[in-house]
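First comes the structure, then the notes that go with it.
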Amino acid sequence: MKPLELEFTVACDPARAFSLWAEQTSRWWPHGHSVSTERGLTVTFEPYPGGRIYETTPAGVEHDWGEVLQWDPPHRLVYLWHLRFDRSDATEVEVSMTPLPEGTRVRIQHRGWERLGAAAEERRDRNRRGWAAVIEHYRRAAIAPDAPVG
C-alpha cells in the first residue's frame, strides 16, 4: 500500500523545525490527538534510537506512542508510530527537514500500512485526516516561537 506523503514549508531554519517537531512537541501537539486527550499533557521523544515516544498526563500517567528508530538532528527523524494502538500494529513515520531560502521544507512519509492487513486502508485514511489537522498546529508554532498553540 502506498505511503502517505506530506510536504510543506515552515518559516524557520531546519534546526528550529526539528527541535519544534521532536523536542517541543508539547507546545503544538493537540491534546485531542493523544491517548488521554487531557489538556496540559507532555509529549516526549527520547533523543536516541530505541528511545520512547510517549505522553505524560498532568497526573503523571504515561501512554506509549512509539519508538525512535533514527535520530539525526536537524535533518531527519524516523520512528515507529502506534498512537492509540498496540505496538504490534505500529507503522513507520519519517520526517525530514531540508533548508530553503524561505525556511525549511518538512517532508513526512508515513509507511508500513501493508502490515495491518484488512485494517490498512481504514487506518491509512484515518491518519491522512489526522496529519492534516496536526500539521496546522505545527505550522502555527513555527511562526509564533514562544506562544503555546496545542
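What you see below is based on every heavy atom in this structure, not just the backbone, and it leaves out hydrogens, waters and symmetry mates.
Of the possible polar contacts, none joining the R139 side chain to the V134 backbone as a donor-acceptor pair under 3.5 Å is found.
With sequence neighbours excluded, the residues that form a ring-ring contact (aromatic ring centres under 6.0 Å, His included) with F45 are Y79.
With a 6.0 Å radius and a threshold of 12 heavy atoms from other residues, nucleotides or ligands, E46 has its CD atom above the threshold.
Two residues are said to be in side-chain contact when any heavy atoms from C-beta on lie closer than 4.5 Å; V35 and D64 fail this criterion. You'll find the side chain of F18 stays beyond 4.5 Å of the side chain of V95, heavy atoms only. The shortest side-chain heavy-atom distance between S36 and L41 falls under the 4.5 Å cut-off. In this structure, E38 and P58 have side chains that are in contact, with non-hydrogen atoms separated by less than 4.5 Å. Contact check for I135 versus I108: side-chain heavy atoms found under the 4.5 Å cut-off. A heavy-atom distance below 4.5 Å is found between the side chains of M1 and E121. Looking only at side-chain heavy atoms (C-beta outward), Q109 and L4 stay at 4.5 Å or farther from each other.
Using a 4.0 Å cut-off between a side-chain N of Lys or Arg and a carboxylate O of Asp or Glu, R128 and D125 qualify as a salt bridge. Salt-bridge check for R107 with E5: passed, with a basic side-chain N closer than 4.0 Å to an acidic carboxylate O.
In the hydrophobic clustering of this structure, W71 does not group with V78; members are Ile, Leu, Val, Met, Phe, Trp, Tyr whose side-chain heavy atoms approach within less than 4.5 Å, directly or through other members.
The two atoms that bring A22 and L77 nearest to each other are CB-CD2, 3.8 Å, heavy atoms only. When all heavy atoms of T37 and G32 are compared, the pair lying nearest together is CG2-O, 3.9 Å. When every heavy atom of R123 is checked against every heavy atom of D89, the shortest pair comes out as NH2-O, 3.2 Å.
Note: Y138 and W28 meet the aromatic proximity criterion, with ring centroids under 6.0 Å apart. Between W21 and W29, the distance separating the two ring centers is not shorter than 6.0 angstrom.
Within the structure, every pair that satisfies the salt bridge (Lys or Arg N to Asp or Glu O under 4.0 Å) test and touches residues 94-103, not counting sequence neighbours, is listed here: R76-E94, E94-R111.
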